[in-house]
Visitor: 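Dropping a structure here in structure tokens format, bear with me for questions.
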Amino acid sequence: MKQIPMLINGEWVGNETNEWLPVFNPSNGQQIAEIVRGNKEHVNAAVAAAQVAYERDEWKKVKPFERGQLLINLANHIRENAEQWSKLECEDVGKPISQARADVEAAARYFEFYGGAADKVMGDTIPIEEGILNATVLEPLGVTVHIIPWNYPLQIISRSVAAAIATGNAVIVKSAEDTPLTAHALSEWFAASNLPKGIFQHVTGIGPDVGGPLASHPNIQHVTFTGSLKTGVSVMKAAAENVVPVTLELGGKSPNIVFADANEERALEGVVRAIIQNAGQTCSAGSRLLIEEGYKEEFLSKLTTKFNELTIGPGSEDYDIGPILNKRQYDQIMKKIEVAKSDGKIISGGEAITIDGYEGGFYIQPTIIDGLEHGHSLAQEEIFGPVLTVFPFKDVEEAIRLANSTDYGLVAGIWTQNIDVAHYAASKVKSGQVFINNYGAAGGIQMPFGGYKKSGIGREKGFVALRNYTQIKNIAVKFSI
Ligand code: NAI
Ligand code: MG
């Protein structure tokens, strides 16, 4: 069995406790590797190493453009070996290989983008008065912690780690217990690079054992977390004890708002892709369809046809929909589908399926639920599977009211040919990203991403995310002769 060690202070740290956790391929349920069950001592060692590495000249004297070059080298390495990286991610997460390939290219783009930005992180000069030169300098924070979920591990590690290293921090990655493979591959690359030891570290294990002690550690300066609302709140509370800032990305219940005048083919395709990507295990999934009342039946009948044409199977064979991560995730999705069967109406899918030769994988049909009250928990909470809930609206005001009536506010899609309606709705929707006549804009890594309301705090991606990993020092110089 492939054993995956942690990377702490430039050393591969293995099983001195002899406790390992299995890692499975979701497509067939077979074990593919095992990771170290990390603990608080590992966390303390990693934080101590990061503190030392961060302060040493070996890192401090690396010029910003040199940090950038290192990241760009990594981007090139990822591109040159894209197929190997894609296979790792496909095997680890279960996602269709073409989606894994897109994730790998996104990861390369993050390292390239933030690598290019490393020497362009600039402060301001601010006019005060004659005889005073006032300038701001953006300094790194120090030790930054990156707690990663299992749904897009490589992309999510890359987006925050690239920005944090570009700005001169020391990073500690805590990968999700289910999906450590690409985090480990990055560790191998960093360990072999000329990055000083302790600047990139990787710890593994169960959330409360490792992520908890990291978030509450007094000697860290920032936590970036993507995952569930509940865990995000606990991370924020832990960090609050030490007045450590957090960047949180906590999911959503994102609406696709379809008006009767929408370009039908584009809207259908957009609504389908927004909910089936990564089998719906996506923070920004378009999991609520809000549809104009008079158009509802027609649109739903065409949507159902599209859903019925979708293919399901193992990630390596690149069907439209891959497996669900594990039994726990599968059980919680199926439980919600069962609730929908009694409280609403299933108009497509609704069943688990078995794939010949892949009986150990957990597969669920793409499912459309109609007939729920909008206040129902299935309309309010993440299902995190290929499950779409549908609600009609009378007019644009009702569409906006429904769109905004969950605790979340990550993404919204608006589908209409009417430019006034499109912009009016975009201005009223409470979400961090709004897409008009598309959903996701191909995932552009340049676009700020993050949530209103309980979808999170702060923004990742784009230039703006560099600010997460810097602090402002204002320096005023008084001069006279
Ligand atoms: P989770 O939020 O518990 O796990 C995310 C990461 O946090 C993992 O690395 C985990 O090890 C770590 N973690 C767990 N407990 C921790 C703690 N007490 N302190 C610090 N770190 C901790 O999410 P989980 O259990 O994997 O998935 C449950 C649900 O969360 C999903 O069904 C979905 O609704 C949501 N989720 C949302 C994601 C998003 O993209 N926003 C990603 C993954 C899950
Ligand atoms: Mg796995």
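Both counts, for ligands and for their atoms, begin at 1 and track the order of listing.
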Visitor: Is the side chain of N81 donor-acceptor paired with the backbone N or O of H77 at a distance under 3.5 Å, no angle test?
Guide: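 Confirmed, N81 side chain pairs with H77 backbone.
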Visitor: Is there a heavy atom in A215 that sits closer than 4.0 Å to ligand 1?
Guide: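 Distance cut 4.0 Å: A215 fails for ligand 1.
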Visitor: Can you tell me the protein heavy atom closest to atom 10 (C) of ligand 1 and the distance?
Guide: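 Ranking protein heavy atoms by distance from atom 10 (C) of ligand 1, first comes E177 OE1, 3.6 Å.
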Visitor: What about H184 and W12, are their ring centers closer than 6.0 Å?
Guide: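 Ring-ring flag for H184/W12: true, centres closer than 6.0 Å.
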Visitor: Distance under 4.0 Å to a non-hydrogen atom of R328: what atoms of ligand 1 satisfy this?
Guide: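 Taking each heavy atom of R328 in turn, ligand 1 has 24 (P), 25 (O), 26 (O), 27 (O) under 4.0 Å.
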Visitor: Angle class for the F384/W150 ring planes (parallel below 30°, perpendicular above 60°, tilted otherwise)?
Guide: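 Ring orientation, 0 to 90° scale: perpendicular.
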Visitor: Nearest to atom 30 (O) of ligand 1, what protein heavy atom do you find, and at what distance?
Guide: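 So the nearest neighbour among protein heavy atoms is S228 CB, 3.0 Å.
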Visitor: Tell me, please: is F225 in heavy-atom contact with ligand 1, that is, under 4.0 Å?
Guide: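 Contact present.
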Visitor: Can you name the atoms of ligand 1, numbered from 1 with element, that are less than 4.0 Å from a heavy atom of E249?
Guide: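 Those atoms are 41 (N).
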Visitor: Could I get the full list of ring pair (Phe, Tyr, Trp, His ring centres under 6.0 Å) partners for F200, not counting sequence neighbours?
Guide: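 So F200 forms a ring pair (Phe, Tyr, Trp, His ring centres under 6.0 Å) with F190.
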Visitor: Any N/O of N151 closer than 3.5 Å to an N/O of ligand 1?
Guide: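 There is such a contact, yes.
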Visitor: Of all the atoms in ligand 1, which lie at a distance below 4.0 Å from a heavy atom belonging to L250?
Guide: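 Answer, ordered by atom number: 41 (N).
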Visitor: Please confirm whether G227 comes within less than 3.5 Å of ligand 1 when only nitrogen or oxygen atoms on both sides are compared.
Guide: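 In this structure, G227 places an N or O atom under 3.5 Å from an N or O of ligand 1.
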Visitor: Nearest to atom 17 (C) of ligand 1, what protein heavy atom do you find, and at what distance?
Guide: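 Answer, as residue, atom name and distance: T231 CG2, 3.7 Å.
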Visitor: For ligand 1, which atoms sit closer than 4.0 Å to a heavy atom of G211?
Guide: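 Near G211, the atoms of ligand 1 are 19 (N), 20 (C), 21 (N).
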Visitor: Quick one: does any side-chain atom of T231 pair with a main-chain N or O of S228 as donor and acceptor, under 3.5 Å?
Guide: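 Between the backbone of S228 and the side chain of T231 there is no qualifying donor-acceptor contact (under 3.5 Å).
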Visitor: For ligand 1, which atoms have a heavy atom of G251 less than 4.0 angstrom away?
Guide: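 Once the distances to G251 are compared, the set is 41 (N).
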Visitor: Sort out for me which residue in K454, R459, R159 forms a salt bridge (charged side-chain N to carboxylate O under 4.0 Å, His left out) with E249.
Guide: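 Only one of K454, R459, R159 forms a salt bridge (charged side-chain N to carboxylate O under 4.0 Å, His left out) with E249, namely R159.
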Visitor: Before accepting this row, confirm whether a basic side-chain N of the pair E34/R37 lies closer than 4.0 Å to the acidic partner's carboxylate O.
Guide: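 Looking at R37 together with E34, the answer is no, because their closest N to O distance does not fall below 4.0 Å.
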Visitor: Would you say I148 has any N or O atom under 3.5 Å from an N or O of ligand 1, going by distance alone?
Guide: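 Yes: some nitrogen or oxygen of I148 is under 3.5 Å from one in ligand 1.
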Visitor: Should we say atom CD of Q471 is surrounded by more than 12 heavy atoms from elsewhere, each under 6.0 Å from it?
Guide: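 Yes, the 6.0 Å shell around CD holds more than 12 heavy atoms from other groups.
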Visitor: In the complex you have, is atom 4 (O) of ligand 1 within reach of the protein, judged by whether a heavy-atom distance drops under 4.0 Å?
Guide: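 Within 4.0 Å: no protein heavy atom nearby.
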Visitor: Would N437 and W415 count as a side-chain contact (heavy atoms from CB on, under 4.5 Å) if you check the C-alpha gap in whole Å, the side-chain angles of each, and the deciding distance to 0.1 Å?
Guide: CA-CA 5 Å; N437 295 331; W415 302 83; 4.1 Å; yes
Visitor: With the threshold set at 4.0 Å, does a side-chain nitrogen-carboxylate oxygen contact exist between E112 and R79?
Guide: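 R79 and E112: salt-bridged.
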Visitor: Please say whether T282 places an N or O atom under 3.5 Å from an N or O atom belonging to ligand 1.
Guide: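 No; every N/O pair is 3.5 Å or more apart.
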Visitor: Atoms of ligand 1 less than 4.0 Å from G212 heavy atoms?
Guide: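 Reading through ligand 1 atom by atom, the close ones are 19 (N), 20 (C).
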Visitor: Going by side chain to side chain contact (heavy atoms under 4.5 Å, CB included), name the residues that satisfy it together with A117, two or more places apart in sequence or in a different chain.
Guide: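 Partners of A117 by the side chain to side chain contact (heavy atoms under 4.5 Å, CB included) criterion, ordered by chain and then number, come out as F463, L466.
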Visitor: Contact between ligand 1 and Q332 is defined here as a heavy atom of the residue under 4.0 Å from a ligand atom; is it met?
Guide: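 Contact present.
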Visitor: Which atoms of ligand 1 sit under 4.0 Å from any heavy atom of Q329?
Guide: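 Ligand 1 atoms under the 4.0 Å threshold to Q329: 27 (O), 28 (C), 31 (C), 32 (O).
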Visitor: Provide the number and element of each atom of ligand 1 under 4.0 Å from a heavy atom of K174.
Guide: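 Reading through ligand 1 atom by atom, the close ones are 9 (O), 10 (C), 11 (O).
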